[in-house]
Amino acid sequence: MVPHVLAVANQKGGVGKTTTTINVGSALAVMGRRVLVVDIDPQANATSGLGVDRSAVETTSYDVMIGGRPIADARISTVVEGLDLVPADLSLAGAEIEMIELPMRERRLALAVEAVDDVDYVLIDCPPSLGLLTVNAAVAAQALLVPIQCEFYALEGLGLLTHTLALLRRELNPGLRIAGIVMTLFDGRLALAHQVVDEVRARFADDLLSPLIPRNVRLSEAPSHGVPVDLYDPTCRGAVAYAELAANLDARLAGQARPVHAGAGVGAGR
Ligand code: ADP
Ligand code: MG
C-alpha cells in the first residue's frame, strides 16, 4: 500500500508546523490510521514533542538522507499507539551543505520513503526554510500540508508558497498538490486574525481546512510533557480542533485517487 505522504511545510518558523505534525499525526492514529512522522528539522522538536530523547536515538533521518540507511533502521515507536517516528538530531544542521555533493540530492528522502508500505500516512515535519531539506520533503510528498499563522505577515508567505509550489512542480515533482492549509494560532478576539482568515479563504478557498486551530495554551504545554495534546488534555479546545481537522483531512484525501509514489522515480535515473 502506498501511504499518503504529506510534507508539513512553511518557510517561516513558529507558525505551527511541528504542533500540526504531532497533533494531526496523533489524531489520525487515534482514528485507527497508521502513521509515520519523519522529523527532518535539526531542532528535532517533533522528536522531543513525541517523548523521544534526541540525544538517546541511534539512527536518525540524517543517517537516512545522508548515509543512505534504510528508513526502517531509524524508525521507532512512540507513546502514541499506531504512530511511529523517524527522529531527527542536531547532525542534520549540516545536512543541507553535505547533500549538495551527493547524487540525487533532491530525492534522497523520496527514495527512502518509497520503502514504507505499512502505514496510511507519512507526515514530514520540515525545518523553517526552503533549503534542500524542505525540497527533499516536497519531492518525497504527494502534497503539502501548510500551517499558516493568523497574523499579518502570513499573507506574504502565501505569495512565496505559490511561487515555490510552481517551481517545485516544474522542476522536481509535477504532481505535487496542496493537501490543505491549516490556520493556526487563531485568536478570535483580534480583528486582524479574522482579516487574515478572510483573505486566505478568498485566495485558497478550496484548500482551507476546517476548523481554525485556536491559540490554546495546552497545545504549547503538551510538548514539554513529551506527548501530543490528546494525551495531555483530550478535551481542551486545541485537542478538539486538531481531532476535527485530522478527520476532515482524512475524508478529503480519501475522496481523491489513491496516491502513487511521488517524484522519486521521475528523472532520477534509477
Ligand atoms: P514551527 O514548527 O512552525 O516552528 P511550532 O509548532 O513549533 O512551529 O510552534 C511554535 C510555538 O508556538 C511553539 O512553542 C508551540 O508550542 C506554540 N504553538 C503552536 N501552535 C499553537 C497554538 N495553536 N496555540 C498555542 N501555542 C501554539
Ligand atoms: Mg518546527
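One-based numbering, in listed order, for ligands and for the atoms of each. What's counted below: heavy atoms across the whole structure, side chains too, no hydrogens, waters or symmetry copies.
- Close approach of ligand 1 to Asn216 is summarised as follows: ligand atoms under 4.0 Å from at least one heavy atom of the residue are 22 (C), 24 (N), 25 (C).
- Within a 4.0 Å radius of atom 27 (C) of ligand 1, the protein has at least one heavy atom.
- Less than 2.8 Å away from the Mg ion (ligand 2), the protein contributes these N/O/S atoms: Thr18 OG1.
- Proximity to Ile213 (heavy-atom distance under 4.0 Å) selects the following atoms of ligand 1: 23 (N).
- At a 4.0 Å cut-off, not a single heavy atom of Gly238 sits close enough to ligand 1 to count as contact.
- For ligand 1, the polar-atom distance check finds no N/O of Pro223 at less than 3.5 Å from any of the ligand's N/O atoms.
- At least one donor-acceptor pair closer than 3.5 Å links the side chain of Arg54 to the backbone N or O of Gln43.
- Below 4.0 Å from some heavy atom of Gly13 lie the following atoms of ligand 1, by number and element: 4 (O).
- When only non-hydrogen protein atoms are considered, atom 15 (C) of ligand 1 lies nearest to Thr19 OG1, 3.7 Å.
- A 4.5 Å side-chain heavy-atom check between Val182 and Ile213 finds at least one atom pair inside the cut-off.
- Leu253 approaches Ala179 most closely through the heavy-atom pair CD2-CB, 4.5 Å.
- Look at Glu151 and Lys12 and you find a salt bridge, because one of the NZ, NE, NH1 or NH2 atoms lies within 4.0 Å of a carboxylate O, short of that distance.
- One finds a salt bridge joining Asp118 and Arg75 here, because a Lys/Arg side-chain nitrogen approaches an Asp/Glu carboxylate oxygen to under 4.0 Å.
- Per-atom contact check: atom 23 (N) of ligand 1 touches the protein, criterion being a heavy-atom distance below 4.0 Å.
- For the pair Gln142 (side chain) and Pro3 (backbone), a donor-acceptor distance under 3.5 Å is present.
- Residue Ser220 has at least one heavy-atom neighbour below 4.0 Å for each of these atoms of ligand 1: 16 (O), 26 (N).
- Leu144 is not listed as a side-chain neighbour of Arg177, based on a closest heavy-atom distance of 4.5 Å or more.
- Put simply, CD1 on Ile148 and CG on Asn10 are 6.5 Å apart, with the number rounded to the nearest 0.5 Å.
- Side-chain atoms of Leu209 and Ile181, non-hydrogen and from C-beta on, never get closer than 4.5 Å to each other.
- Salt bridge status for Arg252 with Asp207: present, with a side-chain N to carboxylate O gap under 4.0 Å.
- Considering both main-chain and side-chain atoms, Thr18 comes within under 3.5 Å of ligand 1 through a nitrogen or oxygen pair.
- Taking a 4.0 Å cut-off on heavy atoms, Pro128 fails to register as neighbouring ligand 1.
- With contacts defined as side-chain heavy-atom distances shorter than 4.5 Å, the pair Leu132/Arg108 does not qualify.
- Here the side chains of Glu98 and Tyr62 are in contact, with some heavy-atom distance below 4.5 Å.
- Close approach of ligand 1 to Val15 (heavy-atom distance below 4.0 Å) involves ligand atoms 1 (P), 3 (O), 8 (O).
- Within the 4.0 Å heavy-atom criterion, the part of Pro214 lying near ligand 1 is the backbone and not the side chain.
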